[in-house]
Amino acid sequence: MTKTVVLKLLKMCAFLLAFGCLAMAFMRGSKDIAVIPAPNIPWLLLALTAFLIHYFMQAVGWHWTLRALGEDASFTTSVRMWYMSLIARWMPGRIWYSATRIYLAREANLSLQAVSFAMVFELLYIMVGGTLATLLFAGAQIKGLMSSVGSRNVVWLVVVILFAACSLILQPGTLLRLSKIALFQKLIKKLSGGNLSDENPPQMNAWKSLGLLLYYTTFWIYSGIMFGALASAFIPMNVERWITCIPAFAGSWLIGFFSIITPAGLGAREGAMWLMLRHSMPQNLAVVLAITSRLMMLATELLSVGIVSLLLRGRVRMPVLATEKGQ
């Protein structure tokens, strides 16, 4: 049995375990779920608006990352590139998400090298920012994990990885040297069909990199508050519940990200969210919020892409498929 097959089986088992836990919780609390009152419409509309802003903040972060690397991309081009790649996240595997941006970058005459590194830095800022937000607001949950030796080792491992990632952020030139690695060049050529150029290589200074990390950490804190607005549509929220929403949303997203076998972390993210919420609110409500947040994200993703497509129609040149170029 090859290593690839073993990894696929492990990923499948992890997905089934997470999805199974969520399904068991749903079935066990189905009677309680049925008696949950109808959501408060004003809070639901506020949450919907907050989710739309959540995606726009990511698009702005992508634009600033491109600019920090020296790519003079217009705001409309950057925003359209980010929203178009948003749809590709639902396809299994991360390759389509990256391929979409690389393809649109070529059509917009942007530097493939700058766009490639912008994706690397964006992912780094999202992961580190999400981890920082989770650790800063997890509070009692982190304290509980530190009570056992095994869990304590996991927490320390996360801290060590976080420290290493922050070191890369403060020394962005280290990551930029990846352009010299043959494997990285081969990957970009496979995605774009073109070679990386040695002319005008992207640059990033430590202050800009640190500023982007601060922006994405703030983005995750905002996202947790946004999730709290959704929870407020179903249950009265106190300070403790609002604070719990921040690590629950950011932490579950990070766990779902590594569930590569499922599109957009489906199942793994909901299971992790339920586990992190069930101690601060009724379990039946935790299940409902895990599922409702997924539906809200799906609805606002599609709505966001539709709104941006209408607003930018005619302002940004649409890409031409390779099969149409010869016609």
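No experiment lies behind these values; they were computed from the predicted model shown. Computed from heavy atoms alone, side chains included, the values below leave out hydrogens, waters and symmetry copies.
Expressed to the nearest 0.5 Å, how far OG of Ser293 lies from CD of Glu270 amounts to 6.0 Å. Atoms CE and CZ, from Met297 and Phe249 in turn, are 4.5 Å apart once rounded to the nearest 0.5 Å. Rounding to the nearest 0.5 angstrom, the gap separating the CG atom in Leu136 from the OG1 atom in Thr131 is 10.5 Å. Ile53 contributes atom CD1, which lies 11.5 Å from atom OG1 of Thr300 (distance to the nearest 0.5 angstrom). Rounding to the nearest 0.5 Å gives a distance of 12.5 Å between CD of Glu71 and OG1 of Thr65. The line from CE of Met273 to OG1 of Thr292 is 10.0 Å long, rounded to the nearest 0.5 Å.
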| request: Give the intermediate values and the outcome of side chain to side chain contact (heavy atoms under 4.5 Å, CB included) for residues Phe51 and Ser304. | output: CA-CA 9 Å; Phe51 269 82; Ser304 296; over 6 Å; no

| request: In sequence, state the C-alpha distance, the side-chain angles, and the governing distance for Tyr55 and Tyr83, and then conclude on side chain to side chain contact (heavy atoms under 4.5 Å, CB included). | output: CA-CA 8 Å; Tyr55 288 114; Tyr83 275 101; 4.1 Å; yes

| request: Could you walk me through whether Ile221 and Phe137 pass side chain to side chain contact (heavy atoms under 4.5 Å, CB included), step by step? | output: CA-CA 9 Å; Ile221 295 173; Phe137 291 92; 3.8 Å; yes

| said: Leu289 vs Phe227, test: side chain to side chain contact (heavy atoms under 4.5 Å, CB included). Steps then yes/no. | reply: CA-CA 9 Å; Leu289 285 176; Phe227 180 61; 4.1 Å; yes

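The minimum heavy-atom distance between Thr217 and Gly129, with the atom names listed, is OG1-CA, 3.5 Å. Across every non-hydrogen atom of Leu212 and Gly61, the tightest pair is CD2-O, 4.3 Å. Heavy-atom minimum distance, Trp220 versus Gly130: CD1-N, 3.0 Å. Contact detail for Phe117 and Leu69: the closest heavy-atom pair is C-CD1, 3.8 Å. Taking all atoms of both residues into account, the shortest heavy-atom contact from Ala114 to Leu66 is O-CD2, 4.3 Å. Scanning both residues, Leu104 and Met84, for their nearest heavy atoms gives CD1-CB, 3.6 Å.
Met119 has its side chain within reach of Ile102: a pair of non-hydrogen atoms, C-beta onward, lies under 4.5 Å apart. Residues Val79 and Trp62 form no side-chain contact, since every pair of their non-hydrogen atoms from C-beta on lies 4.5 Å or further apart. A heavy-atom distance below 4.5 Å is not found between the side chains of Trp274 and Ser252. Gln58 places none of its side-chain heavy atoms less than 4.5 Å from the side chain of Leu86. Side chains of Asn40 and Ser232 form no contact here, defined as non-hydrogen atoms less than 4.5 Å apart.
Hydrophobic clustering, with ILVMFWY side chains joined whenever heavy atoms are under 4.5 angstrom apart, keeps Leu214 apart from Phe219. Both Leu295 and Val287 belong to a single network of hydrophobic side chains, linked directly or stepwise wherever heavy atoms of I, L, V, M, F, W or Y lie under 4.5 Å apart. Hydrophobic clustering (side-chain heavy atoms under 4.5 Å, transitive across Ile, Leu, Val, Met, Phe, Trp, Tyr) groups Trp43 together with Val239.
The side-chain tip of Arg67 does not point at the ring of Trp64 from less than 6.0 angstrom away and within 45° of straight on.
For Tyr216 (side chain) and Glu122 (main-chain N/O), no donor-acceptor pair under 3.5 Å exists by modelled atom type. Counting only distance, with no hydrogens or angles, the side chain of Arg241 and the backbone of Ser280 share a donor-acceptor pair below 3.5 Å. Side-chain atoms of Trp253 do not come within 3.5 Å of backbone N or O of Met127 as any donor-acceptor pair. Under a 3.5 Å cut-off, the side chain of Ser78 and the backbone N or O of Ser74 do form a donor-acceptor pair.
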